Amino acid sequence: MITVENLTKYFGNNLVLNNLNTVINKGEIISIIGPSGSGKSTFLRCLNLLEEPTSGKIIIDGVNILDKKNNPNRLRQKMGMVFQSFNLFDHLTVLGNLTIGPVKLLKMSETEAKAQGRDLLNMVGLAYKENSFPAELSGGQQQRVAIARCLSMHPEIILFDEPTSALDPTMVSEVLGVIRRLASDGMTMAIVTHEMNFAKDVSTRVLYMDEGRIYEEGTPSEIFDKPQKEKTREFIYRIRSFNYHINDKNFDLFDLKSGIERFCTKHFLDSRSTLRIQLVVEELLQLCFFEGDRDKRNHHIEDNGGLNICISYSEKNNELSVEFSAHKSLVTILNQVENTDGISINILKGIAYLSETITDDRITLRAVIS
Amino acid sequence: MKKLVLYFFILSISVSISSCFSDETDKGQKQLQETKLRTLDDIRTKNIGVLLGSLQDEYVTQNFPNANIIRIDHSSDLAMSLQQGQCEAILLDNVTSSYLMKENGSFAYLDDSVTQNTFAVGFQSDKKFLQNKFNEFLKEIRNNGIYEKIYDRWIINSDTSVMPEIDNKGENGIIHMGTTGESIPFSFVKNNVIVGFDIELLYRFAAYMNMKLDIKIFNFGGMLAALISNKIDLGANSIMVTEERAKQILFSDGYFTTTSGMLALKSNLYNPGESKTDNKSFLDKFKESFVNNIVLEKRYILILDGLKVTFIITILAALFGTILGGFICAMRMSRRRILRLMSKGYIAFFRGIPQVVFLMLMFYVVMAPFKTDGVTVAVISFAMYFSAYVSEMFRTSIESIKKGQTEASLAMGFSKFCTFIYIIFPQAVQRVLPVYKGEFISLVKITAIVGYIAVLDLTKASDIIRSRTFDAFFPLIMVAVLYFLLAWGLTLILDFLEIKTAPKRNL
């Protein structure tokens, strides 16, 4: 139904959409998720030309709508849009909002349009508000009217641009309820949303957008349960991370420690967790650089690109972990050496679950703090 | 709230009226004996009122160097300033003074013969031929006794005089004449027709030339400007020949000579002569003023005509100004830089120039070659002015509408034009009306300046009445009330519109 090819959009010098390609088929319900600023809304607004793409093609029913000779107004009639800020026409009543389009654009008679408008209001549960003005309605009610207004034009697809973001939590469900109902009626929809559970339930396909393109896509269970790519995972699990790079044993321990402290404060981690992270990092560094055959290990690390430290916190699972990674020639990061007192390793085992894996040419030690 | 405002308004007016009619002799008695005026020497350091740019002005400037000279446009305003004590004395020609004293018993001569002055007809500088003809004509009527008849009719028996029928086929074209209609007995309005010494003289001159006479009414300064800019061929309005004026205007031989006397309040004079005491009640005075200013000579017709002109100019200027303002606004919001710059320039131009100056520029300079009539020029000028102001109001109200409204409408499939008509415009109208109303009301009031370009509007009508009755208060207050009512009525209409366009109307 809609094919998007190499869609690119610049705002000034700022690249917002970068060579985006996708296909939307009839009957699909597509959720578009991703961090703010990743171009989700811009993508949606490009689809009905509220933003003019810089380059690329949008082909609807075989016609490239970016071709200047095609009239965008006809196209837009077939494509409804629901906005974050509702955008009901303030000077018209609820029923007026639902009749103006059909009467002026579809050349429907006033009585017909009113009858249709009342039916639609019934469907969204607001028949009793037909003579109210938008300013007299709550946000949730306004958004339901906005959806009804969209339907009054008999669109083939509805684009939802964060339909619940401007609502307070008590009103979100009434709007999502209406969208669910449309989904069960088989309406084709593209929904930009931050309601992950809703997206998981209702959609047939999920697009994760990042860096101005579709970073990962798949069925809801693919994206939400086993995201494949790192950024998708970070987004889905709401992971916050702190990265630090060490070249050799002469690293700045105090800079590292203060960095960890800032990261913990920023994400409101309690002092106990903060202390544990510090402890895990210190003991691991101790084992890695200063036990066993120190000079050889140090050369290995120095010659093969140093040591990466990554501290991450998953808001969703409430999981704190520390990862050390280096070139696999190091053999082990944990570096358990016989004949030592074993204090470090005992401390570590006491507060974290340790696992060492080798993938490709990297060796990674993961310490999950319990 | 509205009623309260109205009560307050009526109250303040009645207070001001009663203060105007309060007995002036009270003031006089409070004056100390030693400050009373005996001779011209007593006013050498006082305030002396004269007509602006007149011979008396020159005379006082030269001979009373220590006096504070107050220059005023109309003899009626001059009389008022004497009455109110803004001047201790006024220097005025004795013909006018005699009318003044007849209407107002509280004036008397301090000295009835201060200087001589001569009146002449002014000609546009290219009209040498007319000037010569007029001088010939003047000689002829002085010899054949017609001049004396004119003199008798307007100077001796002016109260009962009517214009005689003058036979004139008018086959040789038209003479355009300017006058003020505010200089009794030379040029004044009686029974709503312009008559007087100068008027008869010029009608006879036109007959002598076998040309039609077309009379336009200006204020004095406007008449001189019209003469210089060739809007009119000649001006006759007891014009005194001064050196300044002679530089730009051709003057005929003098057709009338009179002396000027220094007038003062009787109560200020050491030797006032017999005093006429006035014991009428406030109500009687009010009634008398009403009859004098409104009923006599059917002067209310003058007022009504003036009101009509004010109304027409306001409505037409607002109508065209609003349409033009829409275009200016569209240009101002255009995507093309050149259009934006042009509209910006247009708006800046009108913001920077006083309306009265622009109006006069339009009449005497820009549109002078087309001989357009004053009402048309006024409508065009005010419409342009109005458009500049309302276009910015339109723009801000359109810009104040959230972008989402446009987006929702576009997303629905409306074209840009339809979006404006169905979505933006109705909302913008609601928002602009409150400020638009204010601008409209100030348009009603600013039309009071059209007297400068020979349009007989409400203000000018009151000027003409004042020049006849020498009663400043009543006509001014009446005109103030009429403007208030006009503005109020028009506001009500706009209020109605505002209610009509408000979105709550369906509830």
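All values reported here derive from a predicted model rather than from experimental measurement. Protein chains get the first letters and strands the later ones, always in sequence-line order, with residue 1 at the start of each.
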[X], [atom1]: over 12 other non-hydrogen atoms inside 6.0 angstrom:
X        : atom1 : answer
B:Lys437 : NZ    : yes
A:Phe198 : CZ    : yes
A:Phe11  : CZ    : yes

Using a heavy-atom cutoff of under 4.5 Å, enumerate the residues of [range] that contact chain A, numbered in order, or state 'none'.
range                       : answer
residues 322-352 of chain B : none
residues 416-426 of chain B : B:Tyr422, B:Ile423, B:Pro426
residues 397-415 of chain B : B:Lys402, B:Gly404, B:Gln405, B:Glu407, B:Ala408, B:Ser409, B:Leu410, B:Ala411, B:Met412, B:Gly413, B:Phe414, B:Ser415

Using non-hydrogen atoms and a 4.5 Å limit, figure out which bit of [X] sits close to chain B: side chain, backbone, both or neither.
X        : result
A:Leu50  : side chain
A:Asp161 : neither
A:Leu88  : backbone
A:Arg149 : both

Open item on the list: I'd like to verify something: which residue of A:Gln84, A:Lys104, A:Met79 has the highest number of heavy-atom pairs under 4.5 Å with chain B?
Closed with: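 Ranked by contacts with chain B, first place is A:Lys104.
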
Open item on the list: Suppose we screen for ring-ring contact (aromatic ring centres under 6.0 Å, His included). Which residues come up paired with A:Phe89, at least two apart in sequence or across chains?
Closed with: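 Result, ring-ring contact (aromatic ring centres under 6.0 Å, His included) vs A:Phe89: none returned.
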
